[in-house]
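Please read all numbers here as calculations on a predicted model, not as lab measurements. Below, all heavy atoms of this structure are taken into account, side chains as well, without hydrogens, waters or symmetry copies.
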Amino acid sequence: QYKQCLLNLNKALGLNGGFPPAYTLRGVCQYYLGSYDLAIGDFLRANSIDPGQPESYHYLGLSLAALKRPQEANQFLF
């Protein structure tokens, strides 16, 4: 149901674009759909609004690892 997740979160972010957990969740949906670049953008956006979201950093690292960028990924995974 990740595609439906994206549709719902796009609507939610259209109403309130300053809610970091929505960017994190949308990034997780993007991650599981294999859209790692889009996921990274959402995780970075979430972190720029609120740097205190560990799940966002974790999935940022996983997304970078999936794109075979291990040195960048390691700073978020370890």
Side-chain angles (χ1 to χ4, degrees):
Q1 302 277 346
Y2 294 114
K3 289 183 181 182
Q4 186 62 47
C5 170
L6 290 177
L7 293 173
N8 292 339
L9 287 164
N10 286 337
K11 288 178 188 175
L13 287 166
L15 297 172
N16 183 1
F19 188 58
Y23 286 103
T24 299
L25 185 54
R26 187 172 72 176
V28 171
C29 294
Q30 297 282 19
Y31 172 81
Y32 283 110
L33 289 169
S35 300
Y36 304 117
D37 288 319
L38 294 173
I40 289 168
D42 279 337
F43 299 133
L44 291 173
R45 177 74 174 139
N47 292 336
S48 73
I49 299 169
D50 178 9
Q53 294 191 76
E55 185 176 50
S56 184
Y57 288 106
H58 175 73
Y59 275 98
L60 176 57
L62 292 177
S63 298
L64 290 165
L67 291 174
K68 300 188 184 343
R69 294 163 59 182
Q71 268 136 340
E72 291 172 87
N74 283 344
Q75 66 182 320
F76 300 106
L77 295 174
F78 299 106

- request: Take Asp42 and Thr24, measure what side-chain contact (heavy atoms from CB on, under 4.5 Å) needs, and give me the verdict at the end.
  value: CA-CA 6 Å; Asp42 279 337; Thr24 299; over 6 Å; no
Determine the minimum heavy-atom distance between [X] and [Y], stating which atoms define it.
X: Ala73; Y: Ala65; value: CB-N, 3.6 Å
X: Leu6; Y: Cys29; value: CD2-CB, 3.8 Å
X: Ala46; Y: Ser56; value: CB-OG, 3.9 Å
X: Leu62; Y: Leu77; value: N-CD2, 3.8 Å
X: Gly17; Y: Ile49; value: O-CD1, 4.0 Å

- prompt: Hey, is the main chain of Pro51 close enough, under 3.5 Å, to the side chain of Tyr57 for a donor-acceptor pair?
  reply: yes
message: Using side-chain heavy atoms (C-beta onward) and a distance below 4.5 Å, is Leu13 in contact with Arg45?
response: no
- request: With the side chain counted from C-beta on, respond yes when Lys11 and Leu15 share a heavy-atom pair under 4.5 Å apart, and no when they do not.
  value: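 No; the side chains remain at least 4.5 Å from each other.
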Would [X] and [Y] show up in the same hydrophobic cluster when neighbours are defined by side-chain heavy atoms closer than 4.5 Å?
X: Leu38; Y: Leu33; value: no
X: Leu60; Y: Leu25; value: no
X: Phe43; Y: Tyr2; value: yes

task: Dump the intermediate steps for side-chain contact (heavy atoms from CB on, under 4.5 Å) on Ile40 and Arg69, then the final yes or no.
output: CA-CA 12 Å; Ile40 289 168; Arg69 294 163 59 182; 4.3 Å; yes
task: Any side-chain hydrogen bond (donor to acceptor under 3.5 Å, both in side chains) involving residues 28-40? Give me the pairs, sequence neighbours left out, ordered by first then second residue.
output: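 Of all non-adjacent pairs touching residues 28-40, those that pass side-chain hydrogen bond (donor to acceptor under 3.5 Å, both in side chains) are Tyr32-Tyr59.
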message: Apply the hydrophobic cluster definition, ILVMFWY joined by side-chain contacts under 4.5 Å directly or through others, and give me every member besides Leu7.
response: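 Besides Leu7, the hydrophobic cluster comprises nothing; the residue is isolated.
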